[in-house]
> 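Below is one structure. I have some questions about it.
Predicted, not measured: the structure shown is a model, and the values here were computed from it. Here is the naming used below: chain letters follow the sequence lines, and residue numbers restart at 1 for every chain.
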There are 2 protein chains.
Amino acid sequence: MNDASIPEPVIRRLSLYLRHVEQLAGREIETVSSTQLGEALHVTAAQVRKDLAYFGHFGRPGVGYRVGALLAALRGVLGTDRTWNVVLVGVGNLGSALLRYKGFPRRGFRFVAAFDADPAKRGRRVGGVDVFAMDALPHVADERGAELGLIAVPAEAAQEVADRLCAVGLRGILNFAPATLTLPPNVPVDPVDLAAHLERIAFRAARAFDVDRSGPGC
Amino acid sequence: MNDASIPEPVIRRLSLYLRHVEQLAGREIETVSSTQLGEALHVTAAQVRKDLAYFGHFGRPGVGYRVGALLAALRGVLGTDRTWNVVLVGVGNLGSALLRYKGFPRRGFRFVAAFDADPAKRGRRVGGVDVFAMDALPHVADERGAELGLIAVPAEAAQEVADRLCAVGLRGILNFAPATLTLPPNVPVDPVDLAAHLERIAFRAARAFDVDRSGPGC
DNA sequence: AACTGTGAAGACTTTCACAGCA
DNA sequence: TGCTGTGAAAGTCTTCACAGTT
């Protein structure tokens, strides 16, 4: 009940709850009910309660959940009650944008270095982060305590980069390259295929249109 | 059997199959079995067959699937057998990178315009795409046949931007802002929360470490 | 011999509905 | 009264296993 067996879909929603509860805390709201949370996030109230019950009973019947306690608990479960050191490989379009993305530091992730195969990029700083040649990976990753890796290289290079990140002892990888990576099971990988997201929207848009031809819906 | 009721998880995998089958086609491979596809993508062979059976029987027992036919069928189902016109709102870090991202045009999505609240950005071109002021949205979206929208603005602005995109008749939205959008059900939204992806990796990395302390796994 | 397509079984997730607490 | 926590029911998705095709 308190072990590692929290279902994947629950974990996805925990991030959602965390994001919203952070906002509530910022607005100095002290208490929130499962119904309110559910409405804000388009999740049923029962689902919210089940999800939160996976890791303790800190809701108060008749009152709801204390925002402060919930915030701390969510961060604790997700592991973002501390800062994670992240490296990025591939300082191209997307890589550069990710290095500058403010959402990462805001949520507990700090870039400690970036790497690129192109020697011309070596020595630059992007978004306040030093860019190194790939050769420097073992040394720099170790020195700066890198824990997670972010891959933003072309698909052809992704597996090799992943292997090198893994060899250096990184504990998890976020993969933006449109390629399926194979890694040992103790190194979690999360694929983010941007084009696939658009494909999903295209699919649903085509269906919604077929079903409901009532014209522009707003 | 041939209607809109294809489960969400299946659709996600269709994109994965499409990506791989495109590569096979590029390598002039003519035939692929469910086992091969499954191994390449870390999906069971039975799952591959079930998924593909949702929309027709074009596998050949004893042989496998014809790559050409499969490619066409996957594109047909996902709706990417034609080009979709896309607009982007929010030409910041991330927005600029998305405008330049080559994976979109490669998979059937073309940016026809971009918009930004900052008047200073008006008139620029980013990644070959014209940037307009928000006021121009109704006119330009209509003129250029915009169908899908991509939101890359700060969380606070996301809902208003979404409403305006919807009002202009867009048929689907990909939302990179860390905010939950509320829109009519005939306008599909797909949220992409980059920080949430890292949170998921952090969660799993922490668990993998607890379970298996055998040191750097490669 | 190799492989697909598919009912049936099994596993997992969500929803329901209500006992119990503040 | 208002709300949580939770078993039990319902629903969804995945895997199994095999008949049938090339």
Side-chain angles (χ1 to χ4, degrees), chain A residues 1-17 20-21 24 29-71 73-74 77 200 203-204 207, chain B residues 1-17 20-21 24 29-71 73-74 77 200 203-204 207:
Chain A
M1 184 184 274
N2 142 28
D3 70 314
S5 67
I6 301 182
E8 257 293 316
V10 175
I11 296 159
R12 258 205 286 282
R13 287 189 298 268
L14 292 189
S15 280
L16 211 58
Y17 302 149
H20 188 72
V21 168
L24 296 179
I29 291 166
E30 300 206 326
T31 243
V32 65
S33 71
S34 57
T35 311
Q36 292 171 318
L37 259 176
E39 272 170 14
L41 303 171
H42 305 325
V43 169
T44 66
Q47 182 83 83
V48 173
R49 294 198 297 276
K50 260 264 152 82
D51 288 347
L52 299 183
Y54 270 99
F55 52 97
H57 323 179
F58 37 73
R60 288 264 184 71
V63 181
Y65 301 87
R66 308 214 117 256
V67 166
L70 189 49
L71 191 58
L74 286 166
V77 173
R200 219 139 75 223
F203 172 85
R204 294 205 273 149
R207 302 300 163 118
Chain B
M1 184 184 273
N2 142 29
D3 69 315
S5 67
I6 300 181
E8 259 293 317
V10 175
I11 296 160
R12 258 204 285 282
R13 287 189 298 268
L14 293 189
S15 280
L16 210 59
Y17 302 150
H20 189 72
V21 169
L24 296 179
I29 291 165
E30 302 206 325
T31 244
V32 65
S33 72
S34 58
T35 310
Q36 292 171 318
L37 260 176
E39 271 169 15
L41 303 171
H42 306 324
V43 170
T44 67
Q47 182 82 80
V48 172
R49 293 197 298 276
K50 260 269 152 79
D51 288 349
L52 298 183
Y54 270 99
F55 52 98
H57 320 182
F58 38 71
R60 288 260 183 74
V63 180
Y65 300 87
R66 307 216 118 253
V67 167
L70 189 50
L71 191 58
L74 286 166
V77 173
R200 219 139 74 223
F203 173 86
R204 294 206 272 150
R207 301 301 163 121

> Just the rounded figure in Å: distance from P of C:dT14 to CD of B:Glu8.
13 Å
> May I have the distance from B:Arg12 (atom CZ) to D:dT14 (atom C1'), rounded to whole angstrom?
14 Å
> Pick out the pairs of N or O atoms, protein on one side and nucleotides 7-11 of chain C on the other, that lie under 3.5 Å.
{"unit_1": "C:dG7", "atom_1": "O6", "unit_2": "B:Lys50", "atom_2": "NZ", "d": "3.0"}
{"unit_1": "C:dA8", "atom_1": "N6", "unit_2": "B:Lys50", "atom_2": "NZ", "d": "3.3"}

> Return the minimal non-hydrogen interatomic distance between B:Ala73 and B:Phe55, and the atom names on each side.
CB-CE1, 3.9 Å
> Compare every heavy atom of A:Ser34 with every heavy atom of A:Tyr65, then report the nearest pair and how far apart it is.
CE1-N, 4.1 Å
> Distance check needed: C:dT13 P versus A:Ile6 CD1, whole Å only.
12 Å
> Show the distances under 3.5 angstrom between N or O atoms of the protein and N or O atoms of nucleotides 20-22 of chain C.
{"unit_1": "C:dA22", "atom_1": "O4'", "unit_2": "A:Pro61", "atom_2": "O", "d": "3.3"}

> Check the distance between C:dT15's C1' and A:Arg49's CZ and give it to me in whole angstrom.
10 Å
> Might you point out which heavy atoms bring A:Gln36 and A:Thr31 nearest each other, and give the distance in Å?
OE1-O, 4.2 Å
> Tell me the interatomic distance from B:Gln47, atom CD, to C:dT6, atom P, rounded to whole angstroms.
15 Å
> Test of understanding: with salt bridge (charged side-chain N to carboxylate O under 4.0 Å, His left out), list the residues that count as partners of B:Arg66, not counting sequence neighbours.
none
> Go through residues 31-42 of chain B and report each residue with a non-hydrogen atom lying under 4.0 Å from DNA chain C, sorted by number.
B:Ser33, B:Ser34
> Send over the distance from B:Ile11 CD1 to D:dT12 C1', rounded to a whole Å.
14 Å
> A:Leu70 has an atom CG; how far is it from atom C1' of D:dG5, in whole Å?
15 Å
> So, is B:Arg13 near the phosphate of D:dT14, with a side-chain N or O under 4.0 Å from OP1 or OP2?
yes
> If the condition is salt bridge (charged side-chain N to carboxylate O under 4.0 Å, His left out), which residues does B:Arg13 pass it with, not counting sequence neighbours?
B:Asp51
> Taking for each residue the nucleotide of DNA chain C bearing the nearest heavy atom, is the 5' side occupied by B:Ala46 or by A:Pro9?
B:Ala46
> For B:Thr44, enumerate each residue passing the side chain to side chain contact (heavy atoms under 4.5 Å, CB included) test, keeping only those at least two apart in sequence or located in another chain.
B:Ala46, B:Gln47
> Grab the CG-P distance between B:Leu52 and C:dT6 for me, whole Å please.
12 Å
